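For reference, the structure is listed below as C-alpha cells.
Given the structure is predicted, the values throughout are model-derived calculations rather than measurements. Sequence lines set the chain letters: A, B, ... in the order given, protein chains first and strands last, and positions in each chain run from 1.
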Amino acid sequence: MNIFRHFEEIVSDALAGLQSAGTLAADLDLSRVAVEPPRDPSHGDISTNAAMVLSKPAGMKPRDLADLISTALDASGHFTDVSVAGPGFINMTVRDTFWQTRLADVLAARTSYGVSEMGTGQKVNVEYVSANPTGPMHVGHTRGAVFGDALANLLEKASFDVCREYYINDAGGQIAVLADSAFLRYREALGEDIGSIPEGLYPGDYLVPVGRALAADHGDALLAMDETARHDIVRSASVDAMMDLIRGDLDALGIKHEVFFSERALHQSGKIETTLKQLENKDLIYVGVLEPPKGKTPDDWEATPQTLFRSTNFGDDVDRALKKSDGNWTYFAPDIAYHLDKYERGYTHLIVVWGADHGGSVKRMKSAVAAVSEGGADLDVKICQLVRLMRDGEPIKMSKRSGTFVTLRDVVEEVGKDAVRFMMLNRKNDAPLDFDFAKVTEQSKDNPVFYVQYAHARIHSVLRNAAADDALKGVDIGDTALAAADLSCLRDEAELGLIKHMLQFPRMIEAAAEAHEPHRIAFYLFELASSFHALWNKGKDNPALRFILPDQRDATLARLALIRATGYVIASGLEVLGVEPIEEMR
RNA sequence: GGCCCCGUAGCUCAGUAGGAUAGAGCAUCAGAUUCCUAAUCUGAGGGUCGGUGGUUCGAAUCCACCCGGGGUCACCA
C-alpha cells in the first residue's frame with residue numbers, strides 16, 4: 001500500500017546486485033538507506049541517500065558510488081530518468097502512467113486507504129482521560145481526551161491491536177470528599193435545610209440528583225446507619241453517577257473506552273501488595289530517608305523514614321515514596337500495580353496521556369514499568385500542554401468560584417465535536433495551544449477544520465453535479481467504473497501533483513504512528529486540501545481543466561476518478577482525527 | 001538549585017531514526033469571479049532556525065555549555 005516500500009525494494013535489489021557482483025561488501029548495514037520523495041519535486045519523484053550513507057563502509061567517494069548505483073537503477077527499467085545530484089543523491093523519475101494507475105488502488109481501498117501492516121497486530125494499550133470522577137469533565141481534560149483517542153485511531157490504522165483505557169481514580173481522598181458532598185445532598189433531598197455548602201466540599205449542582213437518587217433508594221435509612229457502611233453506599237453511588245456523567249461527556253466528543261479500570265478494585269484485589277512483594281524480592285524496595293528537595297525546602301518538611309522504590313536504578317532522579325505518613329499507599333503504589341496488570345494482560349507497548357502538570361512523574365513511571373516488566377514493556381508518556389481558551393483574541397479567565405468555569409460540554413455545544421477535535425489536534429501535543437471560539441466556528445481558510453471539510457464537500461458537490469449532468473446520463477460513475485477510466489487523461493502538472501500528494505498518505509500514517517503524533521495527519525490534510533483547492537481554481541482560469549467537461553467523457557471520468565480518490569483520502573485522514581467528512585456545506 | 005518541555009518570517013506554528021535552495025497560515029502589497037460553492041485561488045516581499053563551540057561528506061534536527069519563556073519538585077491523583 002505504501003508505494004515507497006515498492007521503491008525501497010527496487011533500490012535494495014540494485015544494492016543486492018552490486019553486493020553479489022562484489023562491488024559492495026555483502027555484510028553492509030543498509031538500515032540508514034532512505035527512499036523518499038525529494039523535498040523539491042523538480043528533483044524527480046523518488047530520491048535515495050544510499051550512496052552517501054554507504055560511501056564510507058564501501059570505501060568509495062559518494063559520487064562514484066552514486067554513479068554505480070544509478071546505473072543499476074537505470075537498468076532495472078522502472079524509471080524514465082535516474083540522475084545523481086548534489087553531494088550524491090540519486091533522483092529517480094517514474095513515468096506518469098505509474099502515478100495515474102495508482103488512483104485505482106485508492107478507489108479500491110476507499111476510506112481504508114492508508115491502512116498499514118506496520119503494527120502487525122501488536123498489542124498497544126492507550127490510557128487517556130482518566131479524570132477523577134468527582135464531577136463533569138472540564139475543558140482542561142479535552143485536549144488529552146481528543147489526543148489519546150486520535151492516537152488510538154491512528155495506531156489502529158497502522159494495524160496495532162489497540163485498547164483504549166480509562167483509569168478510574170476512585171480510591172483517594174478526593175473521592176471521600178465527593179461522598180461527603182453527596183451525603184449532604186442526600187440530606188437536602190430528605191428535606192433538611194443544608195444551608196450553603198461548607199468549604200472543602202464540592203458545591204456543584206450535579207450532585208443534587210445523586211442525593212435525590214439516594215433518598216429514593218434508601219429513604220432515611222442512611223442517617224441511622226454506621227458511618228463506614230453508609231460511606232460505602234454513598235461513595236459507590238456517587239462514583240457511578242460521576243462516571244455516567246463523564247461517559248456522557250466523552251460520548252459528546254465521540255470517545256468510547258473499551259476498559260474502565262478501577263483503582264479501588266485494584267486495592268481490594270490485593271494486587272498492590274503482591275506487586276510490591278515482587279519488587280521487594282528484587283531488592284527494589286527499602287525503608288529510607290529522602291533528602292529534602294534542593295533549592296526549595298517545603299516548610300513542613302520532615303526527615304522521616306519512608307518506604308521507597310529504587311527508581312534511581314532505572315534513571316529517575318530520586319527514589320520515590322510508596323506509602324504516605326498515615327500508612328496508606330501513595331498514588332504511585334497502585335499505579336505500579338496497574339501497569340503490571342496492563343503488561344500481564346499482554347500489552348507490551350504502553351502509552352499514557354497526561355497533562356503538563358504531571359510531567360514530573362514521567363521518569364518514575366517509566367522506572368516502574370521497566371522494573372515490573374523486567375524490560376519487557378515500553379512506556380511512552382505523552383504530555384499534553386495547556387489550552388488557552390480565547391474569545392476574539394482575548395483570553396478567557398476561568399475560576400470555579402466566580403462561575404466562569406468552562407466544562408467540556410460547554411465547548412462541544414458551542415462549536416461542535418468536529419471543530420473541537422480538529423483544533424485540539426492541530427498542534428503538537430507538547431506545545432501550548434490557543435483555542436479561540438470565534439476562529440473555530442469561522443468559515444474561512446483561517447479555520448483549518450472548515451478548510452479541509454470544505455474541500456471534501458466541494459468534491460461531493462462535483463460528484464452530485466456529474467450525476468445530474470445530461471451529458472453523462474446513463475454513464476456509470478461508480479468507483480469501479482472510475483477506476484477503469486482512461487486515467488492517462490490526467491496530464492496536467494496540478495493533476496499529477498494532486499495524485500502524488502495523496503499517495504503520500506500511507507507514508508504519513510506510518511510516520512505519525514511510529515512517532516505517536518496524530519497532529520501530523522491534521523497538517524497533512526490541510527496541505528492535501530490546499531492542493532485540491534488549487535486545482536479547482538485552475539479550472540476557473542482554464543476551463544479545459546474543469547472536472548466536468550460535457551463533450552469529453554473520457555477526461556471527465558478520469559477527473560472524477562481523481563477527485564473521488566482525493567475525497568477518500570481526506571475521509572480516511574479525518575477518520576483518524578475522529579472528524580466527520582461532510583458532503584455538503586450550505 | 002534539580003528535572004522536563006519550548007525558543008524557526010512582524011504574529012501563530014509545521015519541519016528530529018541528520019539530507020539538496022528551511023516551509024505553511026495570518027498580516028502587508030499586487031492580481032484572478034459571464035465558469036463545477038471567490039467560504040477559494042495566483043504571485044511578491046519577509047530568516048545569523050535563541051547564542052557559542054563540537055561530532056561529519058552534510059546539523060533547525062545529535063552532543064556540551066550558556067541565554068530567554070513555561071511546567072514541576074517527599075507524604076496530593
Within 45° of the six-membered ring axis of A:F4 and under 6.0 Å from that ring's centre, is NZ or CZ of A:R507 located there? yes
Ignoring hydrogens and angles, answer whether the base of B:U12 and the side-chain atoms of A:D434 contain a donor-acceptor pair closer than 3.5 Å. no
Is the phosphate of B:C3 approached by A:H358 (side-chain N or O, under 4.0 Å from OP1 or OP2)? no
Select base, sugar-phosphate, or nothing to describe what A:V33 touches, counting heavy atoms under 4.0 Å on all strands. nothing
Side-chain N or O of A:K363 less than 4.0 angstrom from OP1 or OP2 on B:C3? no
Looking only at side-chain N and O atoms, does A:S461 come under 4.0 Å of OP1 or OP2 in B:U37? yes
Determine the contact category for A:D319: base if any of its heavy atoms lies under 4.0 Å from a base atom, sugar-phosphate if only primed atoms, P, OP1 or OP2 are that close, otherwise nothing. nothing
B:U37 phosphate, OP1 or OP2: any side-chain N/O from A:N465 under 4.0 angstrom? yes
Given B:C36, B:A38, B:U56, the nucleotide with the shortest approach to the side chain of A:K56: B:U56
Polar side-chain contact A:D170-B:A77 base: donor and acceptor under 3.5 Å: no
Please work out if A:R32 contacts a base, only the sugar-phosphate, or nothing of the nucleic acid, heavy-atom cut-off 4.0 Å. base
Under 3.5 Å, is there an N or O donor on one side and an acceptor on the other linking the side chain of A:S530 and the base of B:A24? no
When we call it a touch if two heavy atoms are under 4.0 Å apart, what does A:S47 touch: a base, just sugar-phosphate, or nothing? base
Would you check, one step at a time, whether the test side chain to side chain donor-acceptor pair (under 3.5 Å) holds for A:E583 with A:H456? CA-CA 6 Å; A:E583 300 189 354; A:H456 191 265; 5.6 Å; no
Establish, with yes or no, whether the OP1 or OP2 oxygen of B:C76 is under 4.0 angstrom from a side-chain nitrogen or oxygen of A:K324. yes
Measure the acute angle between the ring planes of A:Y167 and A:Y338, then classify it against the limits of 30° and 60° as parallel, tilted or perpendicular. parallel
A:K428 near the nucleic acid: base, sugar-phosphate alone, or nothing, with a heavy-atom cut-off under 4.0 Å? sugar-phosphate
